[in-house]
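What you are looking at is a predicted structure, and each value in this text was computed from that prediction instead of being measured. In what follows, chains are A, B, ... by sequence order, proteins preceding strands, each numbered from 1.
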Amino acid sequence: PEEPLLFEMGDTEHSGVDLPDVELTRDRLGGFGRKTKLDLAGVTEPEAMRHYVRLSRLNHSIDSGMYPLGSCTMKHNPRLNEKMARLPGFSDIHPLQPVSTVQGALELMNELSHWLMTLTNTAAVALSPKAGAHGELLGMMAIKAAQEAKGEAHRTIVLVPESAHGTNPATAAFLGYSVKPVPARDDGTVDVEAVKAALSPEVAAIMLTNPNTCGLFEPQVIEIARAVHDAGAFFYCDGANFNAIMGVVRPGDLGIDAMHINLHKTFSTPHGGGGPGAGPVVLSEALAPFAPVPFVRRGDASLELVEHIEDQALGRVTAFHGQMGMYVRALTYMLSHGGDGLAQAAQDAVLNANYIKARLQHLFSVPFPDYPTMHEALFDDSFLKGTGVTTLDFAKAMIDEGFHPMTMYFPLVVHGAMLIEPTESESKQTLDRFCDVMAELATDAKAGKSNRFTSAPVKAPRRRLDETRAARQPILRWERPAELPRAAE
Amino acid sequence: PEEPLLFEMGDTEHSGVDLPDVELTRDRLGGFGRKTKLDLAGVTEPEAMRHYVRLSRLNHSIDSGMYPLGSCTMKHNPRLNEKMARLPGFSDIHPLQPVSTVQGALELMNELSHWLMTLTNTAAVALSPKAGAHGELLGMMAIKAAQEAKGEAHRTIVLVPESAHGTNPATAAFLGYSVKPVPARDDGTVDVEAVKAALSPEVAAIMLTNPNTCGLFEPQVIEIARAVHDAGAFFYCDGANFNAIMGVVRPGDLGIDAMHINLHKTFSTPHGGGGPGAGPVVLSEALAPFAPVPFVRRGDASLELVEHIEDQALGRVTAFHGQMGMYVRALTYMLSHGGDGLAQAAQDAVLNANYIKARLQHLFSVPFPDYPTMHEALFDDSFLKGTGVTTLDFAKAMIDEGFHPMTMYFPLVVHGAMLIEPTESESKQTLDRFCDVMAELATDAKAGKSNRFTSAPVKAPRRRLDETRAARQPILRWERPAELPRAAE
Amino acid sequence: MRYLPHSDHERADMLGVIGAADIDALFSAVPKAALNNFVLDLPAHSPEFLVEAHMRALAGKNHAAGDGPFFVGAGAYRHHVPASVDHLIQRSEWLTAYTPYQPEISQGTLQMLFEFQTQVAKITGMDVANASLYDGSTGTAEAVLMARRLTRKNKIVLSGGLHPHYRDVVKAYLKNDPDLVCLSPSPNGQGDILEQIDGNTAAIVVQTPDFYGHLRDLKAAADAAHARGALLIVVITEVVSLGLLEAPGALGADIVVAEGQSIGNALNFGGPYLGLMATKKEFIRQMPGRLCGETVDADGNRGFVLTLSTREQHIRREKATSNICTNSGLCALAFSIHMALLGEAGFTRLARLNHANAIALADALDGVPGVDVLNDTFFNEMTIRVTQPAAPLVERLARRGILAGVPVSRLLPGDASVDDLIILAATELTTKADIAALVAALTEELA
Amino acid sequence: MRYLPHSDHERADMLGVIGAADIDALFSAVPKAALNNFVLDLPAHSPEFLVEAHMRALAGKNHAAGDGPFFVGAGAYRHHVPASVDHLIQRSEWLTAYTPYQPEISQGTLQMLFEFQTQVAKITGMDVANASLYDGSTGTAEAVLMARRLTRKNKIVLSGGLHPHYRDVVKAYLKNDPDLVCLSPSPNGQGDILEQIDGNTAAIVVQTPDFYGHLRDLKAAADAAHARGALLIVVITEVVSLGLLEAPGALGADIVVAEGQSIGNALNFGGPYLGLMATKKEFIRQMPGRLCGETVDADGNRGFVLTLSTREQHIRREKATSNICTNSGLCALAFSIHMALLGEAGFTRLARLNHANAIALADALDGVPGVDVLNDTFFNEMTIRVTQPAAPLVERLARRGILAGVPVSRLLPGDASVDDLIILAATELTTKADIAALVAALTEELA
């Protein structure tokens, strides 16, 4: 049976929370008390349990199956992390309680910072960004502040390769920069000569993803960094793909000035159906002075939390100290893996992607065959030419086999891109089954069995949904049907 | 895809637990060290998460749907209970650590005992039985010890009504008693005259379930108790159905001498796929001296744990102090509900059962229409006569509608019994849908649409299973197939 | 390594299939100078029980809110979260799911978001809400930018009652922008914001209850703003107040931003939290963040999808309404479950209980010599003036095990006029004993 | 009432459908004298946060094992349980499922039980295992009864090394049975059990490591028993020992009973625990408890069912092999998950680590003046003789925050010869610092 909406189950009388029903004999509301009705449906606890358990079963998840989503790094989320994040000493402390009463929290932030700086070989880290895109914003703000401090506020251009994540140009534009694209070479990587050609005294920074969104390590990254620095610009590195190289390559050694780290992609904090993320930003010596508040500093007797600096260039990008709950999870993960385990994880992630590429390349089209891939295997849709099956159709057919689709149509530089990132969490058994299924699908598509694809999915909780209708006539909230005066009565 | 067996996934190399790999340079094993191989499959943590998440999704559960299982009381399991049971002060204490270091645990046991004695109006409670049947065993042991203490060891007969749970005669037989059945009246209840007729100087006790397994309150229970006592016997009450009357009727007022209480049925500790249960036994003044160790006693300065009494009649029925984890859950539930809430829960349980009976009685056959039902609605299969549909078929068809089958073919005194216990946890919305589905099924069965029943279930993870084959050629463990020398290699 | 499924056997087999001699062969694109050119000075992998011991030791060095009387608020509030909420959000299919871009296998998350949006719209009294933002402070900055897009005007006026951290975030987002006017904080609950509105004003930003706990007149603000073609952005840091206070939507708000942490989410030392944003129907195409909408599938069954994504960065890139890529999905789930459990009856009772406890706190503080409660109005939070510098006083009380609130100087350093102010909050968890302990300690310290 | 879905409206509607005037009408069969004839002197319903506060206060009055050095064993052992185990067993579909009598919608529980039975069979070296019993002690009593059914003989001999509580449970189950012979406990690891075997002997019961920690010679016991047509029942209270000690099945055991708590399950002050029982193939029809077996469904797919239930009470009633109705399903699940995570590699390492820590403990205790370690052999547990009465010594050490083990007098009260004995266990959680703290405190106390 279909699971009804909460508002079709509950009503304004039911409640799953018992609280004393206090009479207010007087109030201090100054006449601003509520006069309108909330009309908010409530349900008792047994009803709520069923509703959310049943709803959850309509979701795919890492724990129930593979998520070969390129650029998203859907890896295993250890439950020890969740347990540690719920220790009252972490979960039940207030961001504004006296610093003397949260020394353990500051120590944790310090320790996490040490790991991040060591893994990246950088000089500083700003922990507070709430997500990767927020980290990008902070990093670019720091670059902007640094350029201004150098008296170079006139630098209004940011270079962004065409293969970049959408957040990169959006972030640059958000800060008032104009975005200048850098074309990719035929082999999927960025040409240092193209970068040099694009550099000018108006360029504030380059935003480069490395390993890039085609799953390739930029072979000329050191030369690019040098050219960027020589031109007086900064090198922002999108760290979304750090999982491929952690413990193996240090971005600081490549010349980056700022890089955000997605704790949810690289350090196993859960995606949670779309967040919360956490996007600490590591900074080079040049940018370290422009880090925002707050940060932790070792004082004489104890750790200090610096929350305010007079005339600080950047200020503050969020109300409090960032995603503490995620810091706990990430540090727990780091300590579990250790430096050796993180490097092994990166290597396994790369091994898995290359294994998939090796097993499927005879059936799928590989747009950039020159290099071994890093943590992602990228295919394009040329193998589907003439079959009547689109990349989207192919992806939906994967659903019927129990797999989440791969990332599709991204990066934009590849036509009909299929970007597969297995991560290090998948066993060889699962990879083999995945490859078998993908091979069978490719064979079926080429054999003209297009119905398997164009009608897919048929085994999911829903068939394909009408997204056009959703956008044209947006229904963004439940409204009480005219014939139903009040819910559940 | 089918979920493989653990042994088809893992192998002896893989492990999901990191431990230092200690070299033993010497040992104290005296030559008894292991020489044979364990051949035990291991899996890493991500693989284990998937395996157990996927397996779990093959189960029906209270949280995912209704369980109208008569006599089983599948009610909502509050998560607060689980949280409290995991406080280290309860979960991480050892049964043999000094009593001075577990005063909170003893206080909890004392408090739980107080609730149980108050709700039942009895003189004592033995907490330690591990489950309902274990409680029965203890209760009957206490009765046996009491009879022996009275010099009445010659009483070797226990009266058991035909409608009793199987555990009742099994328990009596286990203790060497011979079981004498007491017939039920046509109205489904026990006749005090039949009891009187069966009583004799050889009868040690009667075991009576009240409310009985037909869902009826025994109207003559007080007279029966009097007759039993007059005959020098004891009254063991099977407390499986206490949920119907808690806070409303006190079994002590009815004259019972011993009654086990299923904490999992009545006080919401989870069934856990078949246990662990917990079966504390309340005892009358007459039986209180025969309670087993351990029990808690208030000492001068602190609570004392009595673990040993010289020449104690009964001794000990389990190694330690019983199901502490369940005590925590049950007391949490009691405190949440309060005395008022428990009574309301009992009334709602009875209301729900009568509502189902009222809504379905025009389509189903009601064997005992004389009384309002208590917490269970009992139907029989006479409405299916001539349809080619059995009670079992009918039950399996319920599966396809998302419901767990009701209890079938029990109690034995009713032909093709269908025993439905909704409990107080089901909302009117769910009850209405359940009644709609049941009515539709009954109508279809009568209309000759037998295929819907005889082929059911078709939407479950499995079709009907071959139980005969399982019993005739028992396969009780995985054996490595001949062609597979070692797992997963 | 417990999280890595490969044995060395399997790794070797896979390298064989790939045709690589060793793992380094797969890193051949990395410049030699940067590959394995270092010794990682980090501890090696560790058994779970040792990691747990380390983390417990760190946690043990913090004073948890539940360890004693607790009155800290000022933008984050300690409320009780039902055990069922935290249990449910840890369920695999919620916790480890990705953003619901593939709606056929994400209807759980999507229906929840649709319900969440409806709940937020209802409590704020607005037409529509998005699927959440990072937190209240970044949400406020986003609202300011949204107002500019909507009005095509630039001037933004921040009320002095806006949380100073929120003000700082807006300032960072609008770096060096002369059209941003930040009014001075006013501990007395007065604001001259209405006088600042002119024809170039895109929006005024008013928080209620404000940073000091005073309730603000939204109707007057809305009328004044609308009269000059400006928008009213209402900021709420304590969302429980909406159970007792009139909905901003009913008073004329154009955009409502709130910190949703109070419902379903723990204090967490400041994060992750939950940004709520609601607005009028006609403004949705300029709203940042994800939106979930109802539609049908190929069989005609009701279903939900992320929609209007042409506003977003992954489609529009540099022309997007925001660079935001995530929402606070799991925090939104916690909020939505807790709110579903509360319902109108529970949410209202919760708000009343908070207010009643705050009245008890205010009454008790009023009786302490040397303490002056500044508020005429409040919901569950108030500001007191004491006869000593507040920060050291709060520190001394902390040493007694009482977390007595936030000295205003922590949030407005350098402003001597606030050095003797403390903001204190009461919630449903505040007991009479807590208040008595505070009063006793304060009386001693101020004697 | 948060757990009760009906509003008063709905209750009234439902009574209307039933045709009852009020709720009491549904209780009309209850004798008037017993219905609502009392005032319940119990507290009223309470908000979750108050219940939680109460329970936390109780829990806070206990010294948790993790609060300091901990050496308590003697039948229950503190091991680390991976966080994933406890997470998984709380999943709704495991936690709130019923006994899998309806196999079509219970394959999760059934496949798990099949895997569990296989794991137990493998570690014990036996042919088959059941789906679990309440705990090791009741399992021992059941094994004794099973041996009588199998041999049709009566005499049972319990080794003196059997845990005294286990002995007491067997005595209770076999009340007043002259054919039950309980040998005296022997702290030195010697047993004269073999001499007790005669032609009427159904079984001998040997525990290894025994109650005092000594390892027993199972092969010799099996040979002696089998020579007279008796069975050997092996009891194991520390199941981790099977990672390092030879499997009882390989040494001739007929029935193996074990307490499975050590794997996957917390100490829980004694329960719930997990009884393991394994035996030879030819004995299964006399084995008590549930059994899960493999079969096929109507489509020919592999599936699992509870089987051989003609042994059980719900079918056989008074002719059943036992009155047992439940197993320890959720504890078995925890065991099975933990064992799946360990695998052969991890289980072996865990056992080695336990033994190594126990050797370190024994070596350290050997150096304390006034302490005599009695054991030549042990796995992770040993007995010491001290120069003072043990019980008050253990109590004094507890006041120092050290839980130093179990004074034997607690389990054998009235036997003066054991008054100076303490049993101590070490596990993987025992640290060098724990041992050093114990040694220092013991040295002081015994000085």
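- Residue C:Tyr166 touches chain A through its side chain alone, counting heavy-atom pairs closer than 4.5 Å.
- Not one N or O on the side chain of C:Lys171 forms a donor-acceptor pair closer than 3.5 Å with the backbone of A:Gly315.
- Contacts between C:Leu26 and chain A at a heavy-atom distance below 4.5 Å involve backbone atoms as well as side-chain atoms.
- Contact tally against chain C (heavy-atom pairs below 4.5 Å) for A:Ser56, A:Ala470, A:Ala133, A:Pro372: the top residue is A:Ser56.
- Heavy-atom distances place both the backbone and the side chain of C:Pro43 under 4.5 Å from chain A.
- C:Glu246 and A:Thr36 share a donor-acceptor pair across their side chains, judged by distance under 3.5 Å alone.
- For the residue pair A:Asp340/C:His45, the side-chain donor-acceptor check at 3.5 Å is satisfied.
- Below 30°, between 30° and 60°, or above 60°: for A:Tyr67 and C:Tyr98 the angle between ring planes is above 60°, a perpendicular geometry.
- Of the listed residues (A:Ser64, A:Gly277, A:Pro20), the one with the most heavy-atom contacts under 4.5 Å to chain C is A:Pro20.
- For C:Phe269 and A:His94, the distance between ring centers is not under 6.0 angstrom.
- The main-chain N or O of A:Met324 is never found under 3.5 Å from a side-chain atom of C:Asn268 such that the two would form a donor-acceptor pair.
- A salt bridge links A:Glu307 with C:Arg410: the distance from a Lys NZ or Arg NE/NH1/NH2 to an Asp or Glu carboxylate oxygen falls below 4.0 Å.
- Minimum heavy-atom separation, A:Leu29 to C:Leu215: O-CD1, 3.3 Å.
- The nearest pair of heavy atoms linking C:Ser137 to A:Ala319 is OG-N, 2.9 Å.
- Under 4.0 Å is where a charged nitrogen must lie from a carboxylate oxygen, and between C:Lys61 and A:Glu107 at least one such pair does.
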CA sep, side-chain torsions, deciding dist, call: C:Asp13, A:Lys428, salt bridge (charged side-chain N to carboxylate O under 4.0 Å, His left out): CA-CA 10 Å; C:Asp13 287 352; A:Lys428 181 165 179 297; 5.2 Å; no

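- Heavy-atom distances place both the backbone and the side chain of C:Leu342 under 4.5 Å from chain A.
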Worked check of salt bridge (charged side-chain N to carboxylate O under 4.0 Å, His left out) between A:Lys83 and C:Glu52: CA-CA 9 Å; A:Lys83 185 175 175 188; C:Glu52 186 167 335; 3.4 Å; yes

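- Distance alone, capped at 3.5 Å, places no donor-acceptor pair between the A:Asn77 side chain and the C:Thr96 backbone.
- When atom types are taken as modelled, the side chain of C:Gln107 and the backbone of A:Leu58 share no donor-acceptor pair closer than 3.5 angstrom.
- Looking at C:Asp168 and A:His308, their side chains never bring a donor and an acceptor atom within 3.5 Å of each other.
- Only the side chain of C:Ala250 comes within less than 4.5 Å of a heavy atom in chain A; its backbone stays farther off.
- Heavy-atom pairs under 4.5 Å with chain A were tallied for C:Leu411, C:Asp86, C:Thr208, C:Leu350; the largest tally goes to C:Asp86.
- Within 6.0 Å of CG in A:Asp21 there are more than 12 heavy atoms belonging to other residues, nucleotides or ligands.
- Interface residue A:Leu87: only side-chain heavy atoms are found under 4.5 Å from chain C.
- Interface remark: C:Leu35 contributes backbone and side-chain atoms alike to the contact with chain A (heavy atom separation under 4.5 Å).
- Here the side chain of A:Ser15 pairs no donor or acceptor atom with the backbone of C:Gly343 at under 3.5 angstrom.
- Heavy-atom pairs under 4.5 Å with chain C peak, among A:Ala172, A:Gly132, A:Gly30, A:Gly247, at A:Gly247.
- Looking at C:Arg352, the atoms closer than 4.5 Å to chain A (heavy atoms on both sides) sit in the backbone and in the side chain alike.
- Heavy atoms closer than 4.5 Å to chain A are found in both the backbone and the side chain of C:Ser106.
- The residue among A:Val179, A:Leu331, A:Thr318 with the most heavy atom pairs within less than 4.5 Å of chain C is A:Thr318.
- In terms of heavy-atom pairs under 4.5 Å with chain C, the best-connected choice from A:Asp253, A:Ile62, A:Val17, A:Ile93 is A:Ile93.
- When atom types are taken as modelled, the side chain of A:Gln97 and the backbone of C:His63 share a donor-acceptor pair closer than 3.5 angstrom.
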Chi angles and distances behind the side chain to side chain donor-acceptor pair (under 3.5 Å) call for A:Gln344, C:His6: CA-CA 10 Å; A:Gln344 183 69 60; C:His6 298 335; over 6 Å; no

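- The two residues A:Gly273 and C:Pro100 make their nearest non-hydrogen contact at O-CD, 3.6 Å.
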Step-by-step side chain to side chain donor-acceptor pair (under 3.5 Å) determination, C:Thr295 to A:Asp466: CA-CA 6 Å; C:Thr295 186; A:Asp466 189 343; 4.8 Å; no

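- Side-chain N or O atoms of C:Gln117 include one that pairs as donor or acceptor with a backbone N or O of A:Leu476 at under 3.5 Å.
- For the pair A:Arg477 (side chain) and C:Asp127 (backbone), a donor-acceptor distance under 3.5 Å is present.
- Note on C:Glu104 versus A:Arg464: no salt bridge recorded, every NZ/NE/NH1/NH2 to OD/OE distance being 4.0 Å or above.
- Ring pair C:His163/A:Phe320 is perpendicular by interplanar angle, where above 60° counts as perpendicular and below 30° as parallel.
- In terms of modelled atom types and a separation under 3.5 Å, the side chain of A:Asp92 and the main chain of C:Gly66 share a donor-acceptor contact.
- Comparing A:Leu314, A:Ile245, A:Asp27 by heavy-atom pairs within less than 4.5 Å of chain C, the highest count is held by A:Asp27.
- Remark: side-chain polar atoms of C:Asp297 are not paired, donor with acceptor, to backbone N or O of A:Leu465 under 3.5 angstrom.
- Salt bridge status for C:Asp376 with A:Arg28: absent, with no side-chain N to carboxylate O gap under 4.0 Å.
- Between C:Leu88 and A:Ala48 the shortest heavy-atom distance is CD1-O, 4.3 Å.
- Ranking C:Gly293, C:Ala345, C:Ser132, C:Ser92 against chain A, the residue ahead of the rest is C:Ser92, based on heavy-atom pairs under 4.5 Å.
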